[in-house]
Amino acid sequence: MSFDPVYRLVKQIPRGRVLTYGALARALGLPGGARTAGRAMGATPRGQAIPWHRVLGANGKILIREPYASLQKKLLESEGIAVVESRINIKKYLWTPQRKKSRTIKKSRRPLPKSK
DNA sequence: CATCTGACGACCG
DNA sequence: GCGGTCGCCAGAT
């Protein structure tokens with residue numbers, strides 16, 4: 001399915017590291033497709049050894065609801081990641097997908113915030 | 001075809 | 001730091 005690339009990347013997340021939906025989506029070339037990434041995670045086939053618990057919302061917060069939230073918290077802690085109030089120190093555990101070929105990363109920025 | 005909804009994210013007050 | 005709003009994408013109703 002089209003979610004394959006997502007799972008493939010998630011599987012590469014090292015133990016003790018995490019990724020955010022947004023970062024995940026961007027790494028897959030889906031800017032603004034954070035929810036799509038989340039959708040993919042929601043469809044993760046069980047028993048596939050996919051560390052879905054290493055994917056958190058922006059700011060390292062657990063966005064899913066019970067009973068999965070508790071499970072995720074438990075799994076993260078079992079990897080040495082401190083979870084406090086449904087959130088972790090994202091800056092400390094965030095993992096950046098490694099590519100085979102290094103490339104020049106240009107500072108893509110979103111359009112200027114338009115006055116509302 | 002119109003709306004709602006969700007394992008999202010960023011901005012604003 | 002928190003809650004509300006808006007933007008975005010896709011599937012469900």
Side-chain angles (χ1 to χ4, degrees):
Chain A
M1 57 171 66
S2 55
F3 288 146
D4 262 19
V6 181
Y7 303 143
R8 193 167 29 190
L9 188 56
V10 174
K11 286 182 186 173
Q12 293 176 48
I13 303 176
R15 184 175 177 287
R17 288 307 180 90
V18 299
L19 212 53
T20 65
Y21 296 102
L24 178 57
R26 291 182 58 158
L28 294 172
L30 298 172
R35 294 198 317 228
T36 299
R39 191 171 299 292
M41 297 312 293
T44 47
R46 312 234 180 192
Q48 297 296 313
I50 297 175
W52 58 270
H53 58 278
R54 291 176 189 155
V55 183
L56 302 166
N59 202 41
K61 186 176 182 185
I62 295 178
L63 298 174
I64 58 182
R65 299 176 200 146
E66 300 300 334
Y68 300 104
S70 297
L71 176 59
Q72 179 167 35
K73 178 175 183 287
K74 180 179 163 187
L75 290 171
L76 289 172
E77 295 182 320
S78 71
E79 295 188 351
I81 299 176
V83 182
V84 180
E85 298 297 309
S86 298
R87 67 179 55 186
I88 72 170
N89 185 327
I90 187 61
K91 291 186 177 182
K92 183 176 180 182
Y93 301 108
L94 183 61
W95 174 71
T96 303
Q98 298 298 311
R99 307 221 183 200
K100 289 188 176 185
K101 296 182 179 181
S102 59
R103 65 169 55 196
T104 304
I105 301 174
K106 51 172 172 286
K107 310 172 63 176
S108 63
R109 58 163 50 49
R110 71 183 90 41
L112 294 171
K114 58 180 177 234
S115 49
K116 185 175 53 170

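Letters go in sequence order (proteins before strands), and every chain restarts at 1. Everything numeric here is computed off the predicted structure, so don't read it as measured data. Hydrogens, waters and symmetry mates play no part in the numbers below; they use all other heavy atoms, side chains included.
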| request: Go through the structure and list residues passing side-chain hydrogen bond (donor to acceptor under 3.5 Å, both in side chains) with R65(A), not counting sequence neighbours. | output: none
| Just wondering, are more than 12 heavy atoms of other shown residues or ligands nearer than 6.0 Å to CD in Q48(A)? | yes
| query | Would you say the side-chain atoms of E79(A) pair up with the backbone N or O of L75(A), donor to acceptor, closer than 3.5 Å? | reply | no
| query | How about R54(A) and V10(A): do any of their side-chain heavy atoms sit closer than 4.5 Å? | reply |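 A side-chain contact is absent here, since even the closest heavy-atom pair is not under 4.5 Å.
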| remark: In 5'-to-3' order, the base (B), backbone-only (S) or no-contact (-) status of each nucleotide in nucleotides 2-9 of chain B, using a 4.0 angstrom heavy-atom cut-off, is ----BBBS
| field | Closest non-hydrogen atom pair, F3(A) against A43(A) | value | CE1-CB, 4.1 Å
